[in-house]
Amino acid sequence: MTARLHVDLSALTANIARVRETVAPAELMLVVKDDAYGHGLEAVVQTATTAGVTWFGAFDVRTGTAVRAAAGDAARIFTWIAASRDDLRTAIAAHLDLGIGDAELLEELADAASDAAGAPRVHLKIDTGLHRNGVRPEEWSTFVARAAALQAAGRIDVVGVWSHIAEASDAEDDDARAVFERALHEAEAVGIRPHVRHLAASAASFARPEFRYDMVRVGAFCYGIRSAGGPSADTLGLRTIARLEAEVVAVHEETVRIDIGAADGLPSSLRGRAMVGTPAGARRLGPVGGAQSLVDAWTGAAVGDVVTIYGPGGSGEGTATDLAEVIGTIGEEIAVRVSPLIARVYT
Ligand SMILES: *Cc1c(COP(=O)(O)O)cnc(C)c1O
């Protein structure tokens, strides 16, 4: 297979610096779910650690333990999906921070805590409207009172209060923030003083300072992936870090065949609608097959010519988000579906 994903780790470092300077004095939590958005967890975490990132957002416990291995003991690693009691025990042993948005899970966590590992660090999650595993506002005061009692008994250490917002419309986000503010007040009323309050992801962390609180959880912008329908990476001061390319494996009369297809993560719905970069400039992507696809030919096309699906450094190509917009999705969706079998090449 000739397809490969080039990842520019110095561009990642530059983006991290750009995000940190934008959100300061709030801290950056670098979100590394889905194999660091398809760029490769280990290389991303090591680069970020060298760049001074101390917080990672790891989604599940399995990812959290992988981050622990790559980032070392000092890193703070936030996971927000624990599926089982075993998961909780693994998380406690690896000193992960746990996002908890469920009263039963809070009890299970307190039960699973061991004297050896100390009280597990907890970030309490309020549901501010997305209805994804958070405590509903009407149940919040009971929840935080219980958390305060468990904390007083030394069984948990409440370090954070957080939520997640859609970032689809300012009005909806404003409503979510009002719920978040009330939740913070109610937590304070029972004696909970979180060190880290966090609400915003990429878009709101840049556009809306009042959403930054103590920390922002940013994935897409650190990888140079702009929001669909949003300002360009350039405008945001960010660089695209990845380039997906494949070689020409056969030359036909009107098309060339390239060595990447739907099984490698190329959406077949891009057929006829996306432009890709070739040595002769932009050409239209044709039918996307299982393992190979067709591209409109150019004069002098030869086996071994490199075609750029997205990313900088080729010619005439767009970004992951440009491709995403063609089929009505987001850039992350394009990035994370690049098959793990495609080699990641780091520079
Ligand atoms: C994915 C995710 C983020 C990061 O979102 P981006 O838009 O990629 O910055 C932040 N918080 C949570 C809970 C997430 O799942």
Side-chain angles (χ1 to χ4, degrees), residues 12 15-16 18-20 22-23 26-39 41 44-45 48 53 55-64 67 76-83 96-102 122-135 160-170 172-173 176-177 180 196-208 211-231 233 236-242 319-321 324-325 329-338:
L12 171 65
N15 289 344
I16 286 170
R18 170 74 185 142
V19 172
R20 289 172 97 187
T22 302
V23 304
E27 268 205 78
L28 164 67
M29 175 194 289
L30 175 63
V31 177
V32 294
K33 65 189 179 198
D34 294 318
D35 199 29
Y37 290 42
H39 298 91
L41 183 83
V44 165
V45 168
V53 171
W55 278 94
F56 293 91
F59 187 69
D60 58 5
V61 171
R62 186 196 164 107
T63 308
V67 175
R76 294 291 290 275
I77 302 161
F78 179 61
T79 63
W80 58 94
I81 300 290
L96 307 183
D97 282 52
L98 285 149
I100 301 284
D102 180 274
V122 177
H123 302 232
L124 305 173
K125 184 179 187 192
I126 172 80
D127 178 1
T128 49
L130 273 188
H131 308 314
R132 274 200 232 157
N133 68 45
V135 172
V161 170
W162 73 293
S163 190
H164 192 45
I165 54 174
E167 300 189 342
S169 88
D170 280 0
E172 264 177 77
D173 290 348
R177 198 170 80 85
F180 191 62
V196 279
R197 301 160 299 162
H198 45 114
L199 183 61
S202 287
S205 75
F206 264 55
R208 313 203 64 197
F211 281 67
R212 289 177 194 148
Y213 293 93
D214 306 302
M215 186 157 68
V216 297
R217 302 182 308 270
V218 175
F221 282 9
C222 288
Y223 306 108
I225 299 173
R226 68 175 170 87
S227 310
L236 297 166
L238 300 167
R239 289 163 61 187
T240 303
I241 75 164
T319 65
T321 304
E325 283 168 345
T329 181
I330 56 176
E332 294 90 311
E333 190 65 38
I334 300 288
V336 303
R337 60 188 287 166
V338 175

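All of these numbers come straight from a predicted model, not from anything done at the bench. Remember, it's 1-based here, ligands and their atoms both numbered in the order they're listed.
- The protein residues lying under 4.0 angstrom from ligand 1, judged by non-hydrogen atoms, are Val31, Lys33, Tyr37, Trp80, Trp162, His164, Ala201, Ser202, Arg217, Val218, Gly219, Ala220, Glu332.
- The side chain to side chain contact (heavy atoms under 4.5 Å, CB included) with Trp55 is formed by just one residue from the set Leu30, Leu28, Ile77, Asp97; it is Asp97.
- Side-chain contact between Arg208 and Asp170 is present, with at least one heavy-atom pair separated by less than 4.5 Å.
- Remark: Phe56 pairs with no residue by the ring pair (Phe, Tyr, Trp, His ring centres under 6.0 Å) rule, at least two apart or across chains.
- Side chains of Arg212 and Thr22 form a contact here, defined as non-hydrogen atoms less than 4.5 Å apart.
- Annotation for Trp162 and His123: closest pair NE1-O, 3.2 Å, computed over non-hydrogen atoms.
- Between Tyr213 and Phe180, the angle of the ring planes goes over 60°, which puts this pair in the perpendicular group of the 30/60° scheme.
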